[in-house]
Engineer: 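Following this message is one structure expressed as structure tokens.
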Amino acid sequence: MDLRTVDLRAGPRLDADGCVLRAFRDDDVPLVLAASADPSITRVTTVPPCADEYAARTWIRLQHARVVDGVGLPFAIADAVTDEALGQVGLWFSGVGAGRARVGYWVPAAHRGRGITRRALRALCPWAFEGGVERLELYVEPHNLASHHVAEGAGFHWEGLLRAWETVGAQRRDMVMYSRLPSDPATPWRATPRASNASGPSPARGR
Ligand SMILES: CC(C)(COP(=O)(O)OP(=O)(O)OC[C@H]1O[C@@H](n2cnc3c(N)ncnc32)[C@H](O)[C@@H]1OP(=O)(O)O)[C@@H](O)C(=O)NCCC(=O)NCCS
């Protein structure tokens, strides 16, 4: 399987323990509208703020174009029973070297705190490794504690702090680099306990 040529709209549908990962569809507009109203999502993604239905549909079409262009594989995280879209998780290939892929995700506030993102990530990683990815990378702002929990809960390892790594909004921001390799266990990663602050891994937090 070559991930850069996968046709997401023809499948696959990945099982994520109560959720599925599938291609975005036109009727996922309500999810995009909810994300568009959430500044914590629009500041770090391509979802436009204050979108109307037209802008939401345009964003969904952009996701399909990104697959065709080989930029990445954006999946909707959907309820396994109702198929309602609850969030997004994606693999991105642009700007990263051969054999590597970057992971990104968001879930609007109404669906947070139910483990949706962690389960989506746990389903996505083995599929990406089967598709030949040799290293998954994840960049998380130091203050984004929910995302640190998600990353570590899905077996990603904290590697270090990248200072002024990326422009977010109008400012250069530090990013914590996480990675997961095919040989890493799928179980939650436990940091070596040390000072809990923005420049070092969060301790195991009781896990
Ligand atoms: C990050 C995000 C995707 C998490 O989504 P979610 O579906 O709520 O995630 P989950 O329910 O799988 O896990 C959330 C974890 O964070 C913890 N958490 C949530 N808010 C927290 C906070 N303010 N402080 C500390 N921990 C927090 C939860 O307890 C849970 O941890 P646990 O699994 O160890 O119990 C969501 O908050 C979001 O979309 N944020 C805005 C966009 C974003 O930041 N994307 C990631 C960019 S790197």
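What you see below is based on every heavy atom in this structure, not just the backbone, and it leaves out hydrogens, waters and symmetry mates. Counting starts at 1 for both ligands and their atoms, in listed order.
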Engineer: Say whether His111, considering both its backbone and side-chain N or O atoms, lies within less than 3.5 Å of an N or O atom on ligand 1.
Structural biologist: no

Engineer: Any side-chain heavy-atom pair from His111 and Ile77 closer than 4.5 angstrom?
Structural biologist: no

Engineer: For Arg22, is there an ion pair with Asp28 - N to carboxylate O distance below 4.0 angstrom?
Structural biologist: yes

Engineer: Provide the number and element of each atom of ligand 1 under 4.0 Å from a heavy atom of Ser40.
Structural biologist: 41 (C), 42 (C)

Engineer: Would you mind running through ligand 1 and noting each atom that sits below 4.0 Å from a heavy atom of Gly113?
Structural biologist: 6 (P), 8 (O), 11 (O)

Engineer: At a 4.0 Å threshold, what atoms of ligand 1 neighbour a non-hydrogen atom of Arg114?
Structural biologist: 11 (O)

Engineer: Quick one: does Ile41 get an N or O within less than 3.5 Å of an N or O on ligand 1?
Structural biologist: no

Engineer: Using a strict cut-off of 4.0 Å, indicate which atoms of ligand 1 neighbour a heavy atom of Thr117.
Structural biologist: 3 (C), 4 (C), 5 (O), 6 (P), 7 (O), 9 (O), 12 (O)

Engineer: Compute the shortest N/O to N/O distance between Trp106 and ligand 1 and return yes if it is under 3.5 Å, no if not.
Structural biologist: no

Engineer: Report whether Leu86 and Leu73 are members of the same hydrophobic cluster (ILVMFWY, side-chain heavy atoms less than 4.5 Å apart, transitive linking).
Structural biologist: yes

Engineer: Answer yes or no: is there an ion pair linking Glu166 with Arg102, defined by an N-O contact shorter than 4.0 Å?
Structural biologist: no

Engineer: Can you find an N/O atom of Leu138 closer than 3.5 Å to an N/O atom of ligand 1?
Structural biologist: no

Engineer: Just heavy atoms, cut-off under 4.0 Å: does His149 contact ligand 1 by side chain, backbone, both, or neither?
Structural biologist: side chain

Engineer: Counting both backbone and side chain atoms, is some N or O of Tyr139 under 3.5 Å from an N or O of ligand 1?
Structural biologist: no

Engineer: Scan Trp158, Tyr139, Phe156 and name whichever one has a ring-ring contact (aromatic ring centres under 6.0 Å, His included) with Tyr178.
Structural biologist: Trp158

Engineer: Could you report the tightest heavy-atom contact between Val96 and Ala101, atom names first, then the distance?
Structural biologist: CG2-CA, 4.1 Å

Engineer: Using a 4.0 Å cutoff against the non-hydrogen atoms of Arg118, which atoms of ligand 1 qualify?
Structural biologist: 12 (O), 32 (P), 33 (O)

Engineer: Looking only at distance, does Gly115 have an N or O less than 3.5 Å from an N or O of ligand 1?
Structural biologist: yes

Engineer: I need the contact type for Thr45 against ligand 1. Using non-hydrogen atoms and a strict under-4.0 Å cut-off, is it side chain, backbone, both or neither?
Structural biologist: neither

Engineer: Does some side-chain heavy atom of Arg122 sit less than 4.5 Å from a side-chain heavy atom of Asp17?
Structural biologist: no

Engineer: If we ignore hydrogens and angles and just use 3.5 Å, is the side chain of Arg119 paired with the main-chain N or O of Arg114 as donor and acceptor?
Structural biologist: yes

Engineer: May I ask you to check whether over 12 heavy atoms, not counting those of Arg172, lie within 6.0 Å of atom CZ?
Structural biologist: yes

